There are 2 protein chains.
Amino acid sequence: MQFSVRLPVATHILLCIEKFQGKYKTTSTFLAGSVNVHPVIIRKTLGQLRTAGLVEVAAGVGGAKLTRSPKDITLLDVFRAVEEEEDLFHFQENPNPQCPVGRNIHRVLGTRLEKIKQHMMDDLAAITLDELLNAVNEEDVP
Amino acid sequence: MQFSVRLPVATHILLCIEKFQGKYKTTSTFLAGSVNVHPVIIRKTLGQLRTAGLVEVAAGVGGAKLTRSPKDITLLDVFRAVEEEEDLFHFQENPNPQCPVGRNIHRVLGTRLEKIKQHMMDDLAAITLDELLNAVNEEDVP
DNA sequence: ATCCATTGTAACACATATTATTACATCTAT
DNA sequence: ATAGATGTAATAATATGTGTTACAATGGAT
């Protein structure tokens, strides 16, 4: 079990948009060439990022740009843009209410797993696009 | 995207096994009645827990018991028993190596996401079956 | 020794989520 | 108007998760 490729792909897209701003027109086809996915996947993901207010896409003419500084965009913003808001773990629907374990498991385990998810969100919020871009620029191994 | 029901179900099973030890024979059918899943799901999960060395199952006669104290079983043990060992996020296979973002994204983003997964594992390791059982016993709302 | 409840496991069915692809209406600078 | 681009729906292919049936193997009880 692992999270889908959407967060990594969306992050890749955002990094490219910023990195190539002013140098290339960052169209879905251009971005697809770097990420190596179908341009429609790029457009769908850009749509999610646009809905989340992270990018502006030039309809018709093409190309995208960030709506704010990479310093002010975190992986949590990206995560929320492309993933559903839900519990980290899926719970069994109808445990037996006549069993002391069955009638308490969701609350007892759920509250603890919720904290773990919160930690994950905090960790994602601590990573900015700016940090990633600097790492890409500085640690580039061509 | 969320993790499957396996960790919660496996935890439920372990709690029942300990809670009802000596009072009921914890067969797959008995456990299935508390969790509310098909007995075969219970047997499969018990098989994973057995492989991980967390439980002993009495073949033929039926019933299961923990191999060690609930104090010494953490949710990380359970997680590892029922989930594959893999990255938290799935990465795109072949990003463009000629693009500075494409050729660095996996390393730059991957190392950071790996730390997040490690935090998650640490959090899971801090929760024992004993703690959960106490919570179930003490906070029981019949 | 046989019986019977139970486990272990394979096989299959089904639903859902993910990713890839095609198609096409719409948009906008030129 | 045209050309290149986006937005989005529809579809397909694949993978994963979950439910179910079936049955051989196990081991205590009789």
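All values reported here derive from a predicted model rather than from experimental measurement. Just so we're on the same page: letters track the sequence lines, and every chain starts at 1.
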Send over the distance from A:Leu49 CG to D:dT6 C1', rounded to a whole Å.
15 Å
Would you call the rings of A:Phe30 and A:Tyr24 parallel, tilted or perpendicular, where under 30° means parallel and over 60° means perpendicular?
parallel
Between D:dT18 atom C1' and A:Asn94 atom CG, what is the distance in whole Å?
15 Å
To the nearest Å, how far apart are B:Arg50 CZ and C:dT7 C1'?
9 Å
A quick test of your reading: do over 12 heavy atoms of other residues, nucleotides or ligands sit less than 6.0 Å from CD of A:Glu86?
yes
Give a yes or no on whether B:Glu84 atom CD has more than 12 heavy-atom contacts from other residues, nucleotides or ligands under 6.0 Å away.
no
Rounding to a whole Å, what distance do you find between A:Phe89:CZ and D:dG17:P?
12 Å
Nearest heavy atom decides the nucleotide; on that basis, is B:Arg6 or A:Thr29 closer to the 5' end of DNA chain D?
A:Thr29
Between B:Glu83 and B:Ala59, the residue closer to the 5' end of DNA chain D by nearest nucleotide is B:Glu83
Atom CD of B:Glu56 and atom C1' of C:dG8 are separated, to the nearest Å, by 16 Å
Transitively linked via ILVMFWY side-chain contacts under 4.5 Å: B:Val82 with B:Val40?
no
Looking at every non-hydrogen atom in both residues, tell me the closest pair between A:Ala10 and A:Thr45 and how far apart they are.
CB-CG2, 3.7 Å
Can you classify the ring geometry of B:Phe79 versus B:Phe3 as parallel (below 30°), tilted (30 to 60°) or perpendicular (above 60°)?
perpendicular
Nearest-Å distance for atom pair CD/C1', residues B:Gln2 and C:dT18:
15 Å
When rounded to whole Å, the CZ to P distance for the pair B:Phe30 and C:dT6 reads 12 Å
With B for base contact, S for sugar-phosphate-only contact and - for none (protein heavy atoms under 4.0 Å), nucleotides 20-26 of chain C reads BBBB---
How long is the line joining CD of A:Gln48 and P of D:dT6, in whole Å?
16 Å
Answer yes or no: are there more than 12 heavy-atom neighbours, outside A:Gln98 itself, under 6.0 Å from its atom CD?
no
Phosphate OP1/OP2 of D:dA15: any B:His90 side-chain N/O under 4.0 Å:
no
The answer to which of B:Ala64 and A:Ser4 contacts DNA chain C further toward the 5' end, by nearest nucleotide, is B:Ala64
